[in-house]
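For reference, the structure is listed below as structure tokens.
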Amino acid sequence: MLLAKVVGTVVATRKEPTLDGLRFMLCKPVDETGKVGSSYVVAADAVGAGVGEIVMFATGSSARQTVQTNNRPCDAVIMAIVDNWETGGDFVYKKGESD
Amino acid sequence: MLLAKVVGTVVATRKEPTLDGLRFMLCKPVDETGKVGSSYVVAADAVGAGVGEIVMFATGSSARQTVQTNNRPCDAVIMAIVDNWETGGDFVYKKGESD
Amino acid sequence: MLLAKVVGTVVATRKEPTLDGLRFMLCKPVDETGKVGSSYVVAADAVGAGVGEIVMFATGSSARQTVQTNNRPCDAVIMAIVDNWETGGDFVYKKGESD
Amino acid sequence: MLLAKVVGTVVATRKEPTLDGLRFMLCKPVDETGKVGSSYVVAADAVGAGVGEIVMFATGSSARQTVQTNNRPCDAVIMAIVDNWETGGDFVYKKGESD
Amino acid sequence: MLLAKVVGTVVATRKEPTLDGLRFMLCKPVDETGKVGSSYVVAADAVGAGVGEIVMFATGSSARQTVQTNNRPCDAVIMAIVDNWETGGDFVYKKGESD
């Protein structure tokens, strides 16, 4: 998994019918210091993530292991909203403080 | 998933028989500002996408989760035609206006 | 999928028994203008491709969705021989003319 | 698989329910000389790995082939704690000595 | 698949129990001219490969399509020992001669 910041939403009305109801979030991966990088991924939202939140996403077939994405043509899913992470005993990111 | 612009079509008559009838689209991924990048992917079309449209595509085993691509040797599929996306409350792309 | 030029063959007699009879082709991906790049992939041949031909290959689990590669430890397969592709209404490549 | 150093932990309370109880470790891949690189991956822990240890992780659908990760939206798993590796008959890394 | 040179072995006693008995080989991918590159992968050995040999490995779910790796958290497998490969009718590598 990678950590990412949710920066926007993507809307598509003409799509595979099985994708109806899924929210597609524009996510920018962050490095392990929390810095936003240059790449992006559009991930389906399985946990009610909002724009501005730091999340964790899974890709590939693992992205289909949620009720919302099962058997759907979806290769990236937000599967957790991050509370915090630490390295060397120090918090690098704490939700509500580092945002 | 990634966003991409459909820029062309690929024709192949000698192919895996199960691929008969699939349309193969030449797609150029765009970044989150809508700028076309240097890479490309050939994706099967599951939604009736046309050249010039901005689409979303899925890769890997997720590309086989459509009626058209199920059980076929296909690792990329266009699964949505994008209406718009926004970041920070502003539209980055709106179909029909940004094209 | 990506487009590639078949540039050679790989021979291996000591291998997973299920791979017996498969032909392994050395393929160099080309960009969307037909230019050969610096990377390569060894792909199993499912369509009778020959050295010098421009083909399309699929990777990952999708590479096992052919009779020849089903349930085998093979992560890339040539699934089509390309006739042509076009962008902007112009042919970029036509088999027999651009080779 | 790749070798990596476990450098931290990630905590997320709002997540896919099936992920409850999994520990998420922040891992920095190392090269074959043991040098820590610039990338990272968040991997689920299937073997009781601790911060500071050198581990091996698997990605993609293979990351779900453990009791802890089966059928879960998890695309990276620590599946071994490394004792040592050698090249050319010389130990490059020995647990407890090279750390 | 990619071609690689086996350069070493990795030992891990604390690991997923299903991995018992598997040998993990440190492999350095080579380019199509046989030159060793800068990356590496740790692959399970399904064919009795030895250090110094040129092999072919498969990744992802395809790495689990051998008796040794089936249903195990393993994302790379050596599935063939290479005898030779050629481009343009000339041998680039011949086992026993080019080593």
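Since we're looking at a predicted model, the values are computed, not measured.
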Check against side-chain contact (heavy atoms from CB on, under 4.5 Å), B:V30 and B:K5: CA-CA 7 Å; B:V30 300; B:K5 184 169 193 169; 4.3 Å; yes
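- Considering every non-hydrogen atom in both B:W85 and B:D31, the closest pair reads CZ2-O, 4.1 Å.
- The choice from A:A44, A:G60, A:A63, A:A12 that makes the most heavy-atom pairs within less than 4.5 Å of chain B is A:A12.
- Ranking B:L2, B:I81, B:V55, B:V67 against chain A, the residue ahead of the rest is B:I81, based on heavy-atom pairs under 4.5 Å.
- Only the backbone of A:S38 has a heavy atom closer than 4.5 Å to any heavy atom of chain B.
- Contact of B:L3 with chain A is made through backbone and side chain together, with heavy-atom distances under 4.5 Å.
- Nearest heavy atoms, A:P29 versus A:S39: CD-O, 3.4 Å.
- Top candidate by heavy-atom pairs under 4.5 Å with chain B, chosen from A:V6, A:V51, A:L19, A:T13, is A:T13.
- Under 3.5 Å, the side chains of B:S62 and A:R64 contain a donor-acceptor pair of N or O atoms.
- Using a 4.5 Å cut-off between heavy atoms, B:Y93 does not touch chain A at all.
- Minimum interatomic distance between A:E16 and A:P73 (heavy atoms only, all atoms of both residues): CG-CG, 3.7 Å.
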